[in-house]
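I have placed the structure first, in the form of structure tokens, so that the comments after it can refer back to it.
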Amino acid sequence: MTQDREERQMLDALGRAVPQVAPPPGLRARVLAAATREPIDPPLPSTPAVLPTAGAPSTGDTSSTADAPVTPARPTSPIPFEARPPAAVPAALPAPARVSRAPWLLAAASAFVAIGTSLGWVSARGEVARLQSTIAELRANATALLNVRAEFDRERTDRERAAAILNASDVHSAPLAGVAPATAATGRVYVSSRGMFFTAEALPALAAGRTYQLWTIVGGQPVSHGVFGPASDGRAQVLAQTPPGPVQAIAVTIEPEGGVPAPTGDKVLLGLPAAN
Amino acid sequence: MEGQSLTGRVRGGDGDGAVDALSLTRMAAGDESALAELYDRHSTAIYSLALRIVRRPEDAEDVVQQVFTQAWRTSTRFDATRGVVAAWLLMMARTRAIDCLRRRTPTRDAISDDDRLAAIPDPDPSVESVVATKEQVERVKTAIERLPEEQRVAVELAYYDGLTQTEIAARTSAPLGTVKTRVRSALQTLRLAVATVSASVGDQR
């Protein structure tokens with residue numbers, strides 16, 4: 001099966017949907033002692049071109065491929081795409097290569113303090129305290145930068161997905177018109193074999209406990225493409241999978257929070273693709 | 001079912017994701033206290049899943065040790081931008097626990113090559129790993145309880161016992177086609193539970 005984000009979340013959730021049992025108290029010391037007896041693998045080359053091989057050759061245990069942390073090649077060419085207001089990405093975002101140095105700087109600082117302290121190089125307590133506060137500061141900076149970078153990467157993945165849909169050779173689009181009383185709302189949906197991309201403007205704000213839900217009608221049956229809320233400016237964008245057949249209608253309805261299996265609420269947007 | 005709202009988006013419950021990533025960085029520098037912190041944050045989830053799968057405390061403890069040893073050894077290779085530590089650890093726990101089960105029941109190793117695929121495979125390691133929020137976990141728990149009995153049994157055998165669809169068919173005396181339908185239907189239901197929560201959490205941001 002293809003593994004999209006929600007499927008991976010579901011697999012993770014299944015792993016956590018078990019009775020939570022604290023491990024026996026003695027296990028902690030045993031695990032820490034056993035683990036730290038093992039040598040640490042050398043880092044992979046800095047140009048990530050291949051997935052790391054499974055496990056480590058040194059210990060001969062039964063590592064499976066799933067055990068290796070992931071360092072895949074990442075796309076290098078930015079894809080210009082304006083579907084999302086750029087406000088969410090800070091203008092002066094540091095280049096990823098520089099971001100990734102922060103943790104190493106931190107590690108180096110930690111190591112320096114550890115060595116310095118143990119050898120008596122750093123004798124003044126004040127100096128140790130100063131270095132410790134520098135580490136704390138670097139740690140906080142690194143955390144903030146990692147968060148920014150992760151958010152940036154997610155945005156880029158979304159944009160690339162949307163661009164792939166919009167650039168697909170079989171893409172076609174259909175407008176959605178606002179349904180009274182939301183007559184100001186407009187939307188457009190792009191459907192291709194690469195997925196579906198929906199965008200809307202001037203969506204009314206939702207009452208508490210309500211959500212918008214995107215639908216296609218295929219073979220007379222409603223297909224849910226997820227729930228969403230509008231941004232404060234009334235805009236929304238949704239990435240979804242390609243509908244399972246020719247689309248007879250596209251609609252956005254207001255539903256109870258969490259969504260429903262079949263539409264029940266008021267229509268806000270409606271589109272009738274001309275040709276499919 | 002699989003909609004992803006770009007405007008109301010929140011990452012699955014990884015508020016501690018950056019903290020974990022930092023722990024891995026410190027571990028890579030040989031900082032043993034970072035491993036201890038990682039253990040304190042995640043050992044209960046790992047032990048609980050391992051115990052659910054292997055059912056023997058001593059085997060579950062062994063799985064926990066393997067997972068943290070692996071995390072220590074490969075801490076230099078973890079890319080924080082591509083994966084969430086919590087999800088990675090849990091995935092390792094499931095893999096190791098199912099390996100342990102298979103070693104205990106050698107007959108299960110006699111599976112033909114074309115039937116090697118578990119009914120629920122591990123997450124694809126080439127894509128970013130994500131972790132479920134507490135709300136999503138609760139939804140999935142509720143959704144499992146509400147599944148029709150035969151679907152619940154099928155999905156539990158697939159996920160917590162790592163059985164292939166053929167093995168589930170044999171275990172439950174059901175035709176293979178029926179088992180496939182049951183697993184697929186159950187996963188669709190569970191995914192809807194995850195999808196709806198994911199977006200509604202985002203709405204509140």
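What you are looking at is a predicted structure, and each value in this text was computed from that prediction instead of being measured.
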Output the option from Ile40(A), Val31(A), Leu214(A) having the highest count of non-hydrogen pairs under 4.5 Å with chain B. Ile40(A)
Of Ala34(A), Gly259(A), Gly195(A), Ala17(A), the largest count of non-hydrogen pairs under 4.5 angstrom with chain B goes to Ala17(A)
Do [Y] and [X] meet the salt-bridge criterion of a basic N to acidic O distance under 4.0 Å?
X: Arg152(B); Y: Glu156(B); answer: yes
X: Glu155(A); Y: Arg149(A); answer: no
X: Arg28(A); Y: Asp40(B); answer: yes

Quick check on Ile144(B) against chain A: is it the side chain, the backbone, both or neither that has a heavy atom closer than 4.5 Å? side chain
Using non-hydrogen atoms only, which part of Phe68(B) is less than 4.5 Å away from chain A: side chain, backbone, both, or neither? both
Kindly determine whether Ser224(A) and Trp215(A) satisfy side-chain hydrogen bond (donor to acceptor under 3.5 Å, both in side chains), including the steps that lead there. CA-CA 5 Å; Ser224(A) 170; Trp215(A) 305 91; over 6 Å; no
Start with the C-alpha gap between Glu257(A) and Arg210(A), add the side-chain angles, then the distance that decides, and say whether salt bridge (charged side-chain N to carboxylate O under 4.0 Å, His left out) holds. CA-CA 5 Å; Glu257(A) 199 167 20; Arg210(A) 313 297 281 179; over 6 Å; no
Note: vs chain A, highest number of non-hydrogen pairs under 4.5 angstrom among Val140(B), Leu35(B), Leu90(B) is Leu90(B)
Test salt bridge (charged side-chain N to carboxylate O under 4.0 Å, His left out) on Asp158(A) and Arg154(A) and set out the steps. CA-CA 6 Å; Asp158(A) 286 342; Arg154(A) 284 194 293 277; over 6 Å; no
I'd like to know if the side chain of Thr199(A) pairs up with that of Arg235(A) as donor and acceptor (distance under 3.5 Å, no hydrogens or angles considered). no
Residues in residues 46-61 of chain B near chain A [non-hydrogen atoms, under 4.5 Å]: Tyr47(B), Ser48(B), Leu49(B), Leu51(B), Arg52(B), Glu61(B)
Residues, nucleotides or ligands: over 12 heavy atoms within 6.0 Å of Lys141(B) NZ: yes
